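Heads up: the structure comes next, in C-alpha cells.
All figures in this text were calculated on a predicted structure; none of them were measured in a lab.
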Amino acid sequence: MTKEKLLLLDGNSLAYRAFFALPLLTNEQGIHTNSVYGFTTMLQKILTEENPTHMLVAFDAGKVTFRHSTYKEYKGGRQKTPPELSEQFPYVRKLVEAYNMKQYELEMYEADDIIGTLVKQADAKGLPVIVVSGDKDLTQLASDNTTVYITRKGMTDIEKYTPQYVKEKYGLTPQQIVDMKGLMGDTSDNIPGVPGVGEKTAIKLLTNYPTVDEVYENIDAQKGKLKEKLVANEEQAKMSKVLATINCEAPITISIDDLQWDGPNMDALFALWNELDFKSLIEKSDYASEEKETAELNYTIVTDLDATQLKDGMAIHLEIENVHYHTAPQLGLAIVDAENAYYINYEDVVQSESIRAYLQDASKKKYVFDVKKQQVAFARDGIQLAGVDFDLLLAAYIDDPAFASEDIASVVKVYGFSDIQTEEVIYGKGAKREIPEVAILSQHVCREAFAVFTVREQVMKKLQDNEQYELYYTIELPLAKILADMETAGIKVDADTLNTMGVELKGKLVQIEATIYALAGEKFNINSPKQLGVILFDVLGLPVIKKTKTGYSTAADVLDKLKPEHEIIEHILQYRQLGKLQSTYIEGLTKEIHEDDQKIHTRYQQALTATGRLSSTDPNLQNIPIRLEEGRKIRQAFIPSQKGWKLFAADYSQIELRVLAHMSRDENMIQAFLNGMDIHTSTAMKVFHVTEDEVDSTMRRAAKAVNFGIVYGISDYGLSQNLDISRKEAADFIERYLESFPGVKVYMDDIVEEAKKQGYVTTLLNRRRYLPDLKSRNFNLRSFAERTAMNTPIQGSAADIIKKAMIDMTQALKDNNLQARILLQVHDELIFECPEEEITLLEKIVPEVMANTVKLDVPLRADYSAGDTWYDAK
DNA sequence: TGAATCACG
DNA sequence: ACGTACGTGATTCAG
C-alpha cells in the first residue's frame, strides 16, 4: 500500500500567481490561458514528484470574510482583477474537476482557513501534508508534518518551507510568521502593522521577544523613535496579527476522508487541454503516446470487394510508405464508413476491377486526408481517383492554417478525436523507422480512415459557420487536383546542361578558393561562418559590423560593407554565390531528375503556409535563381517535355500592391494603377512632390523600398536597413508616404485594430489567420503580430487570386481544346508548356484569364513570354 | 538538431 | 525603451 499523503492547494492564489508569472497566452478562440497553463504545469510537476493520495483545492468564497468584521479595510485598495484573469477562473475550476480533485469553498472564509483547518486535522492524524500556494502567508502552517510549497517565477520553480527552512530564512519559527506580519503589516492584504517597522526590525524584535504580546509586555526595553511607534500602534499591531493568522477552526463540512484521490479523468483533462490549445502538454502526456490504449476498431482484411460494399460516402485512406509519394511504395487501402471497415493490400487494389472502378467513379463520394497525395499515388498505377468530396487536410488548413500537419493523428486531435496513433508511434522515427507488420499497419490505416469519417461533419460545420465553405469547395479542393496533375506532369530538365555548368563552376570555385587562401594566409573552411569569422575579424582584423547569437555575422550585407576594407571580401562573396549554385541548384536539381522521364516532380505543400501561399519541396522549384545572371542561367536547363513544344510564362504585375490599393481603397494609389504608370515612379512623384521627369533612380529605388515596406508592415528600422540610410531618414520617408496615401494609413491602423478585436485577419476569399500575439505583453511578439496583421491580408489575397486563376485557367485550356498545361506556380506566376502552335492563343487567353479571375477596384495585369527554355521565357 | 546563410516571391 | 521588415526551402557546419 502506498504511503498516504495529502496535497492542499490554494486555488485563487495559484491562479493569480500563474497569471502574473507568465506572458499572456490565448487559445484559438482568443480566450486567455496563461493562468490555467501555469496552474497546470505546476500541478503536473507536483503530482509527478509527490504522488499524493488525497487532494483538495480550496477557493476563496467571496469578497467579504469574517476578517472584515475585525477590520473593514482588509484587502482594501486592491487593484481590480484584470478581465484577462477573471475569464480564466471558470477554466481553473474545470481543470480541477478534470483532475478529479475535490474543490471546496466556504462563505465568509478564505482558502487559507480551509487549508489551515485541514492541516490541523491531518496533523492530528499524523498524515503528511503539502500545502501549495503563491502566497507566503501560508508558511505559518509549516510544521514537522506539513511542508508549504510556494511557487516562484515560472510556476514550476518551487520554494519548500519546512520549519528548518523558515528558521534559516527569517530566523523565526513558522508560528512567528504571524507575529512578523503583525508588526510589519502586509501591503498586499492591506494589513497595516506598525508604520515604520519593516521585515528587518520585526525579525530583530521577535528574536528577543518571540510574540507581539511579549514585545509589548517588555516595551520598556525599546527606546527612541521605535518605542514611540510601537506604543502608538499597539492596538493596530495586535489586530494585524489577528488578521494575518489563519483560522484553523473554520466550520468546514468536509473531512480528510472525503479527499481521497485516484488520479485524473484523462478524457476530460485531455478534452480541456485541447480546448485550451495546450499542445505541448498533450504531446508530453503519456495519454497521447505509445502507452495509450486506443479503442479497437473492427475491420476485415480483404482481397476484393463487390460493388454493393463500395458505397457512396465512405472514407478511404491510401497508406504510402513515406512522404515522397511520387516514388514511395503504396502499402494498402482502407475503406471505411460507420458500419464497415475494410483493408486491402495495395497489390490487391491494383488487381481488383471493382475497386478500381469505384475509385474512379465520380458519382461515389469519398472522404480523404490529402487528396493530392492519394491522387498522385494512384495515378502511378493508372487509377484516376475521382469523387473526392471531403479532404480533411485542406478543410483543417482553412479552419486554421496553424493546424497544418502531414500527420492525421495530430489533425483529428484538434477536433477531439484521439483513437488513433501518431505516425511516429506506428513507424518509429529516424533510423529506426520501419514498416510494421500487416496486423498493426492495417489496424492503423483503418483508424486513419475512420478518423476522417468521424470528424468530417464537425469540420464542415465549422467551415460553414465561418463562411469558408466556398473557399474550401471552389478553391482549395479543385486546386488540389490541378496541383496533382502539375506534379505528375513534372518539368523536363536537361541534366547535360546542368552538368556542363557544374564543371565550369567547379573550375571557378577551385580558383577562387586558392585566391582566398592566399589572401588569408592559411587554409580554412570557407563554408563555415565560424571559421570565416575568425579569419576576417581576428586574423585580418576587419571591423565587426554585426554579431549573431553565436559569434560574428558574415552575412552578405555585412560583407558588402566590408568590401572596401579588404580584397578578400569580394572573392568570398563570389565563392558563396557560386557555391550556392553548385550545391543547391546544380547538384541538388540533378539528384531530383527522375531516371525514367528526365523530369523533376516537385511536391507542392497546399496546407502549410500561414498566409495561403503554396510552397514547393523536393526540390523547391519556387526559388530557382533569376536575379543574378550567373544563377539565372540555371533556367536554361528547364525545357519542354516534347519536341516542337515551348515553355510559356506569365506573371502578375505588382499583384500585392494592387491588392493593397483595392483593400485600402486609397484613391491616390488606385489612380496610379488606373493611369497604368510604373507604380514605383508614380509613388516617388507623390512622396517627393516632383514630376515624372524629375524622378531619378535613387528616388525610384527609395519609393520601391517603401512600397515593399508597406506590404510587409512597415518599420523605420527595417526600411533603414534595406536602404542603408539612417532611421530618421527612413521614418521621414514613411511619414511622407503615408501622407501621400492617407487611405493606406487608415487601412493599416484599422486592420490591426480589427484583428485585435476578433483575433484574426482575413483575405479577399475569406481565408483566416489567427494572431494571438497581438495581445502579448511582449513588445517583440506583439509588434511582429501587428506587422503580420498588415501583411497577411495582402500576401494571402494575392495567393487567393492566383489560386483562383489556376482553376479558371484549367477550365479555359479545356474549353479551348488546348494541349497546353500548367507545370509550375511561383506565387505570382504560372509556367506552362504547350505545342508551339498554341502560343498565339495562349498569349491571348492566359493574361486575360489572369486579369479577370477576380474583379478589383484596380485592374490586374499579367505579363507573359514564351521560349525554348525557362530562361528564354522571360 | 539548430543556426547561419542564401535562393525565390 | 523595447528591436524589426512578410512568406518560404535547401545546404552546410557544428555541437
message: Distance check, rounded to the nearest 0.5 Å: A:Glu735 atom CD versus A:Lys745 atom NZ?
response: 9.0 Å
message: Within this structure, what is the CZ-CG distance for the pair A:Arg777 and A:Asn34, rounded to the nearest 0.5 Å?
response: 6.5 Å
Nearest whole angstrom, please: distance from the [atom2] of [N] to the [atom1] of [X].
X: A:Tyr737; N: C:dA5; atom1: OH; atom2: C1'; result: 15 Å
X: A:Arg777; N: C:dG3; atom1: CZ; atom2: P; result: 17 Å
X: A:Phe784; N: C:dG7; atom1: CZ; atom2: C1'; result: 9 Å
X: A:Glu786; N: C:dC6; atom1: CD; atom2: P; result: 12 Å
X: A:Asp557; N: B:dT5; atom1: CG; atom2: C1'; result: 11 Å
X: A:Leu657; N: C:dC6; atom1: CG; atom2: P; result: 17 Å
X: A:Asp716; N: C:dC2; atom1: CG; atom2: P; result: 13 Å
X: A:Ile634; N: B:dC8; atom1: CD1; atom2: P; result: 11 Å

Looking for any heavy atom pair under 4.0 Å, which part of the strands does [X] touch: base, sugar-phosphate only, or nothing?
X: A:Arg627; result: base
X: A:Thr554; result: sugar-phosphate
X: A:Val711; result: nothing
X: A:Ala789; result: nothing
X: A:Ala799; result: nothing
X: A:Gly709; result: base
X: A:Ile624; result: sugar-phosphate

Among [options], which nucleotide has an atom closest to any side-chain atom of [X]?
X: A:Asn722; options: C:dG7, C:dA5, B:dC8; answer: C:dA5
X: A:Thr548; options: C:dG7, B:dA4, B:dA7; answer: B:dA4
X: A:Ala705; options: B:dG9, C:dA5, C:dG3; answer: C:dA5
X: A:Arg787; options: C:dA5, B:dA7, B:dG9; answer: C:dA5
X: A:Thr788; options: C:dA5, C:dG7, B:dA4; answer: C:dG7
X: A:Ala555; options: B:dC8, C:dC6, B:dT5; answer: B:dT5

- prompt: So, is A:Arg613 near the phosphate of C:dG7, with a side-chain N or O under 4.0 Å from OP1 or OP2?
  reply: no
query: Between B:dT5 and A:Arg576, is there an OP1 or OP2 to side-chain N/O distance shorter than 4.0 Å?
result: no
Are [X] and [Y] within salt-bridge range, i.e. N to O under 4.0 Å?
X: A:Glu753; Y: A:Lys757; result: no
X: A:Lys523; Y: A:Glu513; result: no
X: A:Glu424; Y: A:Lys432; result: no

Rounded [atom1] spacing from [N] to [M] in Å:
N: B:dG2; M: C:dA5; atom1: C1'; answer: 23 Å
N: B:dA7; M: C:dC2; atom1: C1'; answer: 32 Å
N: C:dA1; M: B:dC6; atom1: C1'; answer: 33 Å

Nucleotides 8-15 of chain C: protein proximity per nucleotide (B base, S sugar-phosphate only, - neither; heavy atom, under 4.0 Å): SBBSSSSS
task: Please lay out, stage by stage, how A:Ile512 and A:Ile526 fare under the test side chain to side chain contact (heavy atoms under 4.5 Å, CB included).
output: CA-CA 11 Å; A:Ile512 299 168; A:Ile526 307 169; over 6 Å; no
- request: Tell me the partner of C:dA1, counting only Watson-Crick (N1-N3 plus N6-O4 or O6-N4) or G-U wobble (N1-O2 and O6-N3) with both under 3.5 Å; none if nothing fits.
  value: none
message: Is the ring pair A:Tyr552/A:Phe537 parallel, tilted or perpendicular, if the boundaries are 30 and 60 degrees?
response: tilted
task: Would you please classify the geometry between the A:His326 ring and the A:His594 ring as parallel, tilted or perpendicular, with 30° and 60° separating the classes?
output: perpendicular
field: A:Asp800-A:Ser797 side chain donor-acceptor pair, cut-off 3.5 Å
entry: no
field: Base C:dC6 to side chain A:Gln795, donor-acceptor N/O within 3.5 Å cut-off
entry: yes
